[in-house]
K.L.:
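First the structure, then my questions, so here it is.
Throughout, protein chains are lettered first and strands after them, A, B, ... in sequence-line order, and every chain is numbered starting at 1.
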2 protein chains.
Amino acid sequence: MDKEISQAVIARLPRYFRYLGELKDSGVERISSQELSRLMHVTASQIRQDFNNFGGFGQQGYGYNVEYLYTEIGKILGLDKKHHLIIIGAGNLGQALANYMNFERRGFIFTGVFDINEKLHGKMIRGMKVRPMEEMQEFVRENNIDIAVLTIPKEGAAAAAEKLVGMGIKAIWNFAHVDLDVPDSVQVENVHLSDSLIKLSYMINQYENELEEKEKNASGEA
Amino acid sequence: MDKEISQAVIARLPRYFRYLGELKDSGVERISSQELSRLMHVTASQIRQDFNNFGGFGQQGYGYNVEYLYTEIGKILGLDKKHHLIIIGAGNLGQALANYMNFERRGFIFTGVFDINEKLHGKMIRGMKVRPMEEMQEFVRENNIDIAVLTIPKEGAAAAAEKLVGMGIKAIWNFAHVDLDVPDSVQVENVHLSDSLIKLSYMINQYENELEEKEKNASGEA
DNA sequence: TAGATTGTTAATCGATTAACAATC
DNA sequence: TAGATTGTTAATCGATTAACAATC
């Protein structure tokens with residue numbers, strides 16, 4: 001059995017993939033862990049360790065072939081496969097994601113939008129008409145939907161998630177501000193925007209407190 | 001000098017704050033680390049360690065007073081202070097965040113929106129008219145803006161960030177798909193939505209590979 | 001071949017968990 | 001007082017960094 005890959009490594013993979021994509025696009029053919037280290041502001045040692053979780057992609061004395069590494073990491077990330085995706089909740093955020101995310105670029109196929117609000121039914125969002133929630137089950141089955149993007153208020157999120165689990169969905173990209181309780185067979189990635197903004201508030205506060213302390217110390221020494 | 005708080009702890013604080021807020025709202029007066037542990041699916045030991053980074057908020061034999069702890073964590077997070085915030089980029093995502101985020105609830109005061117696109121100038125978004133980028137500098141100074149929400153394409157993000165730094169902004173909530181290079185005095189919180197979705201793709205892939213392996217092993221043993 | 005750089009083992013560092021004395 | 005539960009120290013675990021032999 002393969003060794004378990006740590007969450008820390010997994011969280012770093014998309015960033016490697018992004019940098020390698022940019023290097024590839026700008027025509028860079030090869031790169032050493034040290035060069036990549038300088039570019040990404042992480043240690044060369046960590047880069048080599050991370051890659052070696054998945055096998056040896058480099059060559060001693062040469063470094064890594066950018067295009068090859070990019071492709072391999074893409075495969076590790078499952079980006080060589082197509083994923084069919086629906087959006088649950090056609091409000092501000094749901095609409096924005098549909099229009100903004102450029103899903104198709106990475107093999108995510110935007111297939112439908114659902115909302116409980118009757119007034120939205122039939123409205124077109126990125127070429128798809130908004131459907132009532134009642135049609136979801138049939139739709140998911142018929143269109144082989146893998147991923148549900150949950151952009152509804154937190155009150156309805158748990159119930160929606162349970163329904164989705166029952167339909168055999170593989171993953172939920174959760175923007176609702178609750179932690180969903182689903183079986184291990186269903187993958188959940190949370191995007192808790194409020195938590196992220198609150199963290200920013202903490203960092204501002206922290207920095208200002210440190211400044212104050214420094215000033216106090218400086219005046220004390222003077 | 002106080003001991004440095006680890007990133008891991010900081011990242012957990014908003015979640016504690018959220019759970020405590022919900023407990024408070026549902027009228028719970030006190031909670032032990034063990035009860036909270038069961039609720040949040042983290043160890044009681046970690047909860048106590050995390051809180052004790054900031055001082056003793058509990059009482060032996062009793063546990064934690066929910067309202068008090070909620071208030072104290074709020075202060076640690078800087079949520080007792082008001083933060084003035086502008087959105088740079090009035091596209092899909094910028095508009096959605098303005099309408100969806102409920103900034104005021106946590107003391108973030110939505111003060112203005114800016115965009116390079118002339119067609120959007122004057123359009124009203126959540127009660128604020130979209131302004132041209134040229135007015136930004138004066139606006140930031142006059143309105144004491146603390147936080148800029150960056151919802152523009154990645155091409156313009158670095159330049160915008162540099163301008164904002166020059167204006168003395170305190171923090172950037174960055175939705176552009178690049179890693180910004182700013183001085184330590186400016187806090188950056190990245191929300192890389194594509195990275196998040198790619199991580200979900202990895203998790204789906206990983207789970208399916210594991211399943212396959214298990215089946216293979218099972219048939220081998222049979 | 002000599003130089004460069006990986007892959008990998010070992011050392012260090014930090015974060016999490018366990019244990020328990022302090023104390024409400 | 002006895003029971004409960006914190007605050008905190010110690011033990012464990014895991015992740016990061018350093019070092020270097022393998023090898024292109």
K.L.:
Of all the base pairs, Watson-Crick or G-U under 3.5 Å, which form stems of three or more consecutive pairs involving DNA chain C?
P.N.:
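DNA chain C forms these stems: C:3-24 with D:3-24.
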K.L.:
Would you list the atom pairs, donor with acceptor, under 3.5 Å between side chains in residues 79-87 of chain B and any protein atom, with sequence neighbours excluded?
P.N.:
residue, atom, partner, partner atom, Å
K81(B), NZ, N205(A), OD1, 2.6
H83(B), NE2, S201(A), OG, 3.4

K.L.:
Restricting to side-chain contact (heavy atoms from CB on, under 4.5 Å), what partner residues turn up for R141(A), sequence neighbours left out?
P.N.:
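Scan of R141(A) (side-chain contact (heavy atoms from CB on, under 4.5 Å), adjacent residues dropped) gives Q137(A).
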K.L.:
For S33(A), which residues count as a side-chain contact (heavy atoms from CB on, under 4.5 Å) partner, sequence neighbours excluded?
P.N.:
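By the side-chain contact (heavy atoms from CB on, under 4.5 Å) rule, S33(A) matches A44(A), I47(A), R48(A), Y64(A).
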K.L.:
Just to be sure I understand the geometry, which residues of residues 25-57 of chain A put a non-hydrogen atom under 4.0 Å away from DNA chain D?
P.N.:
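Residues of residues 25-57 of chain A that come under 4.0 Å of DNA chain D are, in numerical order, T43(A), S45(A), Q46(A), R48(A), Q49(A).
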K.L.:
So, using side-chain contact (heavy atoms from CB on, under 4.5 Å) as the criterion, who are the partners of S45(B) when residues are at least two apart?
P.N.:
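Listed in chain order: T43(B).
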K.L.:
Identify, residue by residue, the members of residues 60-77 of chain A with a heavy atom below 4.0 Å from DNA chain C, and return them in order of residue number, or none.
P.N.:
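Heavy-atom contacts with DNA chain C come from Q60(A), G61(A), Y62(A), G63(A), Y64(A).
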K.L.:
Using atom types as modelled, flag every donor-acceptor pair under 3.5 Å from a side chain in residues 147-157 of chain A to any protein atom, sequence neighbours excluded.
P.N.:
residue, atom, partner, partner atom, Å
T151(A), OG1, I88(A), O, 3.1
T151(A), OG1, G89(A), O, 2.7

K.L.:
Which ring pair (Phe, Tyr, Trp, His ring centres under 6.0 Å) pairs, counting each pair once, include a residue from residues 145-166 of chain B, with sequence neighbours left out?
P.N.:
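Non-adjacent pairs meeting ring pair (Phe, Tyr, Trp, His ring centres under 6.0 Å): zero.
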K.L.:
Under the side-chain contact (heavy atoms from CB on, under 4.5 Å) test, which residues partner D50(B), sequence neighbours left out?
P.N.:
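D50(B) satisfies side-chain contact (heavy atoms from CB on, under 4.5 Å) with V9(B), R12(B), Y16(B), Q46(B), N53(B) once adjacent residues are dropped.
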K.L.:
Could you tell me the boundaries of the chain A footprint on DNA chain C, defined by atoms under 4.0 Å from its heavy atoms?
P.N.:
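The protein-touched segment is dA4(C) to dA10(C).
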K.L.:
Side-chain donor-acceptor contacts of residues 162-179 of chain B below 3.5 Å, not counting sequence neighbours, with atom names and distances?
P.N.:
residue, atom, partner, partner atom, Å
K170(B), NZ, E208(A), OE2, 2.9
K170(B), NZ, D146(B), OD1, 3.2
W173(B), NE1, S196(A), OG, 2.8
N174(B), OD1, A176(B), N, 3.0
N174(B), ND2, A176(B), O, 3.3
N174(B), ND2, V178(B), O, 3.0
N174(B), ND2, N190(B), OD1, 2.8
H177(B), NE2, R18(A), NE, 3.3
H177(B), NE2, D195(B), OD1, 3.0
D179(B), OD1, H192(B), NE2, 3.2
D179(B), OD2, R15(A), NE, 2.9
D179(B), OD2, R15(A), NH2, 3.2
D179(B), OD2, Y19(A), OH, 2.7

